[in-house]
There are 2 protein chains.
Amino acid sequence: MPTSEPVPRSLLGRAFTLLSVFTADRPSATLSELSRHSGLPLSTTHRLVQELIAHRALDKDGSGRFTIGLRLWELGALSPGALDLRERALPYLEDLFEVTHHNVQLAIRDDLEVVYVERISAKDAVNVVTRMGSRLPLHATGVGLVLLAYAPPEVQERALDTELKQFTKHTITTPNALRSALATVRRDGYAISDRQIETITYSVAAPVRGPGGDVAAAVSVVVPTQTRTDTVLPAVRACGRAISRALGWRRV
Amino acid sequence: MPTSEPVPRSLLGRAFTLLSVFTADRPSATLSELSRHSGLPLSTTHRLVQELIAHRALDKDGSGRFTIGLRLWELGALSPGALDLRERALPYLEDLFEVTHHNVQLAIRDDLEVVYVERISAKDAVNVVTRMGSRLPLHATGVGLVLLAYAPPEVQERALDTELKQFTKHTITTPNALRSALATVRRDGYAISDRQIETITYSVAAPVRGPGGDVAAAVSVVVPTQTRTDTVLPAVRACGRAISRALGWRRV
DNA sequence: CCCACTCTTCCACTGGATGGAAAGTGTCCG
DNA sequence: CGGACACTTTCCATCCAGTGGAAGAGTGGG
């Protein structure tokens, strides 16, 4: 979401730059805000916004602010990478939530990031930092470690060559620590992320495999640090296997 | 999704026409199929597709077919009209599912259609005709009747002036029948849709109110015709009220 | 090999998109 | 009330991003 980068010359590039102004922290924006944050001239912004509204990609609320429209959500719901997986996994995620009573998350890998495709949390849940659609770096979360440990070697190399962002003093920040953590995941078949994003939670994660045995996603439970991770680990791993079977995976 | 309509002249119009080729029944498509179904010339289609891929709005799978990409899903996840509501409602929907063990759905109104924003179903659920993001006409579903009964008068008038599509021999197809059904909903405070879409199911629906008391959504349970609707009705209504409270509604 | 189908590339041309400037609207303050 | 300011909308001569027919490349089957 650049104001320091050159504005794209292509119309679609501009439209997507404009849509990128909307984030979880800025779910709505005025025309001037859209212009400022996108770097597009005001009248260009105005014209683009009007057309995006015509296509229901943007909506205008009562106070003159714009929000992402239903049409994008409908189209997004057709994305097999996210929602197909989510729908098949949901019953098992709910089972996991029922037996653990902790926050449950399902995530996939998109390049060097985790994308959360589902989260089930209680009404009075322990600190929640993710939502549907949100992203975090692979190295800093349980699901991310699982997805990275089983990712193609060139993906792993790229991740190890990337600066590892620090969230807490527990976050993995060196390539050697990450390499070691990934080896541990592959040896154990699961990951425990220890206060890497928040100092009050652990994340226990297990792989979800597609029909061909590839790790297509990861499921995790987030627990407060007072909770022993081994009380939820079997359920998380069982959930990962159940979803894998629902996706067509068979143990060889 | 027109091949009989003129192709838009504007680029954004063309892009959205192209994206509209993807449906629940056609989650992936080849370049030629996209060209054929959108009415856009092959080379235009090719160029648009390449750029949409660059923006992650489309993905290409291993067999050369295109699918809707993650980026649209991420953007759509920011749509307050759908997912904000969904996230607040999810715990209550899960409760409803636990106590009824039947399919639970949450829907909003978009003009003269129902848009389903959540569905929770068991692994061995009775016939499922809706999915997240899918649409049905207001007159033919429990949630649609609720949403229409409490919609602004001009919306109701427009619905009554529209041809009422028939799905089964039980579907409401005349304005008088619809007017009467809406009056019943407003009198009772809930709706029962009797085999209107599928001849083997009833849908029991109740309103979900926003902070100002407006009916912002509707929640329903779909049950097989052997099930007595009055066994689930109190739970559906309680769920509607619980979600309403979570949205800030207070009974006056 | 030929055929049918799908996908990719090319480029002279053009019309959809541009954005600075002006006009319009709304709010706040002296 | 008028002025200042911020935000939104409109206008239009200009221009360059987008166009699509045609040719070429690739694939699979007979």
Side-chain angles (χ1 to χ4, degrees), chain A residues 1-23 25-69 71 80, chain B residues 1-23 25-69 71 80:
Chain A
M1 202 294 294
T3 40
S4 44
E5 294 183 31
V7 177
R9 298 303 303 168
S10 74
L11 185 55
L12 283 180
R14 292 175 162 211
F16 279 104
T17 298
L18 192 64
L19 293 171
S20 297
V21 174
F22 296 94
T23 64
D25 296 324
R26 191 195 296 115
S28 71
T30 62
L31 186 69
S32 299
E33 285 168 358
L34 286 170
S35 171
R36 251 187 334 260
H37 291 292
S38 65
L40 291 168
L42 197 49
S43 48
T44 301
T45 305
H46 183 259
R47 208 177 348 86
L48 273 189
V49 164
Q50 294 304 112
E51 190 157 11
L52 287 168
I53 285 177
H55 293 293
R56 310 301 312 278
L58 288 182
D59 277 334
K60 191 172 189 180
D61 69 22
S63 54
R65 300 183 69 85
F66 301 102
T67 57
I68 295 286
R71 182 68 184 133
Chain B
M1 205 291 297
T3 39
S4 45
E5 294 182 33
V7 177
R9 300 303 301 167
S10 73
L11 184 55
L12 282 180
R14 291 173 166 218
F16 280 103
T17 298
L18 192 64
L19 292 172
S20 296
V21 173
F22 297 93
T23 64
D25 296 325
R26 190 196 295 115
S28 72
T30 64
L31 185 68
S32 299
E33 284 168 359
L34 286 171
S35 172
R36 251 190 330 264
H37 291 292
S38 65
L40 292 169
L42 195 50
S43 47
T44 301
T45 305
H46 183 260
R47 205 168 1 82
L48 272 190
V49 164
Q50 293 304 114
E51 190 157 13
L52 287 169
I53 284 177
H55 294 292
R56 311 302 313 278
L58 289 183
D59 277 333
K60 190 171 190 181
D61 70 22
S63 55
R65 300 183 69 86
F66 301 101
T67 58
I68 295 286
R71 182 68 183 133

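In what follows, every chain begins at residue 1, and chains take the letters A, B, ... in the order their sequences are listed.
By the side chain to side chain donor-acceptor pair (under 3.5 Å) test, Ser28(B) is found to be paired with Arg65(B), residues two or more places apart in sequence or in another chain being considered. In this structure Phe66(B) satisfies the ring pair (Phe, Tyr, Trp, His ring centres under 6.0 Å) test with no other residue, sequence neighbours excluded. For Arg56(B), the side-chain contact (heavy atoms from CB on, under 4.5 Å) test picks out Asp110(A), Asp59(B), Arg71(B), with sequence neighbours left out. Under the side-chain contact (heavy atoms from CB on, under 4.5 Å) criterion, Ala57(B) pairs with Phe16(A), Leu52(B), Leu72(B), sequence neighbours left out. Judged as a ring pair (Phe, Tyr, Trp, His ring centres under 6.0 Å), and not counting sequence neighbours, His46(A) has no contacts. For Ser32(B), there are no side chain to side chain donor-acceptor pair (under 3.5 Å) partners at least two apart in sequence or on another chain.
Distance check: Leu11(A) CG to Arg14(B) CZ gives 12.0 Å after rounding to the nearest 0.5 Å.
Within the 4.5 Å cutoff, no side-chain heavy atoms of Val7(B) are placed close to those of Thr17(B). Counting heavy atoms from C-beta outward, Thr67(B) and Leu58(B) have side chains that stay 4.5 Å or more apart.
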Study note, to complete from the structure: With sugar-phosphate taken as primed atoms, P, OP1 and OP2 and all else as base, the protein-contact string of nucleotides 12-24 of chain C at under 4.0 Å (heavy atoms; B, S, -) is ----SSBBB----
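In 5' to 3' order, the nucleotides of DNA chain D bounding all contacts with chain B (an atom under 4.0 Å from a heavy atom) are dG18(D) to dG21(D).
A pairwise comparison of heavy atoms in Ser38(A) and Leu34(A) identifies OG-O, 2.6 Å as the closest pair.
Axis angle across the helix from dC1(C)-dG30(D) to dG30(C)-dC1(D), with five pairs used at each end and values rounded to 10°: 40°.
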